[in-house]
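Take a look at the structure set out below.
Index from 1, following the sequence. All heavy atoms count here, side chains included; hydrogens, waters and symmetry mates do not.
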Amino acid sequence: MLLHLHLVRHGQTYFNRYNRLQGWSNSPLTEAGLADADRAAEQLSMVDFKAAYCSDTTRAMVTAARILDRNEAAGHRRPELIDDMHFREQFYGYFEGQDMAMAWWAAGAPHGTPSYGSIVERYGLEATRDFLKEADPFHDAESDEEYWQRVEGGFAVIAGDARLHDGDDVLQISHGNTLLSLMHRYAPEGYDLSQRPANGSVTCLDFDTALPIGQAVTVRSYNR
């Protein structure tokens, strides 16, 4: 079964505005964030969604509701919105809510890489998770292995949805670092991954549920 996934980064939150790490913690959408959601809603208003998923965070649920409201107003049947912890952003543990620059300095400085970008450049994106877990005094932050185990569980949730059939379109409200991580794992050459996807942007993936997860995802577009 080949599914067309439309992944939307939630609208801007106050933590986004203040440049703070926001994984499993929550902060409300700003006025700009509501406008982000509405722009995504307009872009997707003609897509006939057969299912809709989001993380169990208010920023994702509010974004999803505004998109589905617009979609329903355009004449489409409104699918039930399923919120699930598998679709959450990376968990930053002790560093949740902290200033990004300070948190990534704490993670990377012991390795000679005092910023997020320098960690990625020298060690790869995977190391950002492992270094942050190492720096977390409680070691609650997700390691790279823990993160991907959970994310792959989200793909399994979608694959097991009995409502879906070959060729269906699926809405999924996602998160900035998760989208960037998916692109690093599945995107071919030719995408600029130096910047995080914009709030309210749409990334499209094809998901073949018959294939092993490492081969199942194909990127169709990014950060539109």
Side-chain angles (χ1 to χ4, degrees), residues 3-17 20-30 33-34 36-41 44 49-69 71 78-93 95-98 100 125 128-129 132-133 140-161 163-164 169-186 196-205 207 213 217 222-223:
L3 302 174
H4 307 301
L5 307 184
H6 303 259
L7 279 67
V8 179
R9 187 183 178 196
H10 62 80
Q12 184 199 60
T13 67
Y14 282 93
F15 273 15
N16 292 152
R17 182 178 175 182
R20 294 184 176 274
L21 284 182
Q22 181 179 223
W24 292 10
S25 58
N26 244 324
S27 67
L29 295 188
T30 63
L34 295 173
D36 292 333
D38 291 343
R39 283 195 300 274
L44 296 170
F49 293 116
K50 300 301 183 184
Y53 297 90
C54 69
S55 68
D56 53 352
T57 57
T58 56
R59 63 188 186 274
M61 289 189 279
V62 169
T63 300
R66 294 177 85 93
I67 292 172
L68 292 175
D69 285 348
N71 198 258
R78 187 188 189 107
E80 175 190 3
L81 177 62
I82 297 175
D83 61 90
D84 190 292
M85 65 85 62
H86 286 95
F87 302 109
R88 290 178 187 173
E89 177 63 290
Q90 174 181 339
F91 183 44
Y92 300 111
F95 297 100
E96 289 276 335
Q98 290 200 15
M100 282 190 182
L125 185 65
T128 63
R129 284 182 270 273
L132 200 70
K133 186 177 185 72
D140 286 336
E142 282 184 313
S143 68
D144 190 64
E145 180 180 359
E146 291 166 337
Y147 171 78
W148 282 112
Q149 184 176 20
R150 180 173 56 78
V151 170
E152 289 173 5
F155 281 104
V157 168
I158 296 173
D161 191 333
R163 301 171 299 170
L164 293 173
D169 289 288
V170 177
L171 174 67
Q172 182 184 334
I173 309 305
S174 192
H175 300 268
N177 202 53
T178 291
L179 286 165
L180 194 60
S181 297
L182 288 169
M183 292 298 294
H184 272 269
R185 174 168 278 201
Y186 293 113
R196 298 164 73 84
N199 291 105
S201 65
V202 180
T203 294
C204 295
L205 310 176
F207 173 37
I213 189 61
V217 176
Y222 173 61
N223 195 27

**Asked** For Thr13, which of Arg20, Arg59, Gln22 qualifies under side chain to side chain donor-acceptor pair (under 3.5 Å)?
**Response** Gln22

Heavy atoms only: give me the nearest [X]-[Y] pair and the separation to one decimal.
X      : Y      : answer
Gly97  : Ser25  : N-OG, 4.5 Å
Gly200 : Ala40  : O-CB, 3.3 Å
Cys204 : Val202 : SG-CG1, 4.0 Å
Met61  : Ser55  : CG-O, 3.8 Å
Leu171 : Phe49  : N-CD2, 3.4 Å

At what distance, to the nearest 0.5 angstrom, does [atom1] of [X] lie from [atom2] of [Y]?
X      : Y      : atom1 : atom2 : result
Asn199 : Thr63  : CG    : OG1   : 8.5 Å
Ser27  : Gln12  : OG    : CD    : 9.0 Å
Leu68  : Glu80  : CG    : CD    : 11.0 Å
Tyr147 : Lys133 : OH    : NZ    : 15.0 Å
Asn177 : Gln90  : CG    : CD    : 5.0 Å
Tyr186 : Phe207 : OH    : CZ    : 8.5 Å

**Prompt:** Within a radius of less than 6.0 Å around CZ of Arg17, do more than 12 heavy atoms belonging to other residues, nucleotides or ligands occur?
**Reply:** no

**Message:** Check this for me: Glu145, atom CD, are more than 12 non-hydrogen atoms of other residues, nucleotides or ligands nearer than 6.0 Å?
**Reply:** no

**Request:** Could you check His10 against His175 for side-chain contact (heavy atoms from CB on, under 4.5 Å), going step by step and ending with a plain yes or no?
**Result:** CA-CA 6 Å; His10 62 80; His175 300 268; 3.3 Å; yes

**Request:** From the options Phe155, Trp24, Tyr53, select the one residue that forms a ring-ring contact (aromatic ring centres under 6.0 Å, His included) with Phe87.
**Result:** Tyr53

**Derivation and outcome, side chain to side chain donor-acceptor pair (under 3.5 Å), residues Ser181 and Arg129** = CA-CA 11 Å; Ser181 297; Arg129 284 182 270 273; 3.1 Å; yes

Run the side-chain hydrogen bond (donor to acceptor under 3.5 Å, both in side chains) test against [X] and tell me which residues pass, sequence neighbours left out.
X      : value
Asp169 : His6
Arg88  : Asp56
Glu89  : Thr178

**Pair Arg66 + Asp69: basic N to acidic O under 4.0 Å** = no

**Message:** Do Leu180 and Tyr222 make a side-chain contact, defined as non-hydrogen atoms from C-beta onward lying under 4.5 Å apart?
**Reply:** yes

**Asked** Just wondering, do Leu182 and Val217 contact through their side chains at under 4.5 Å, heavy atoms?
**Response** no

**Request:** Walk me through it: do Asp140 and Glu96 pass the test side-chain contact (heavy atoms from CB on, under 4.5 Å)?
**Result:** CA-CA 10 Å; Asp140 286 336; Glu96 289 276 335; over 6 Å; no

**Message:** Looking at Pro197, is its backbone amide N or carbonyl O close enough to the side chain of Arg9 to form a donor-acceptor pair, meaning the two atoms are under 3.5 Å apart?
**Reply:** yes

**Asked** So among Leu7, Thr57, Ile67, which one has a side-chain contact (heavy atoms from CB on, under 4.5 Å) with Ile173?
**Response** Ile67

**Asked** Could you go step by step and tell me if Leu125 and Asp144 meet the side-chain contact (heavy atoms from CB on, under 4.5 Å) rule?
**Response** CA-CA 9 Å; Leu125 185 65; Asp144 190 64; over 6 Å; no

**Prompt:** Just checking, any donor-acceptor pair under 3.5 angstrom between side chains of Asn223 and Ser201?
**Reply:** yes

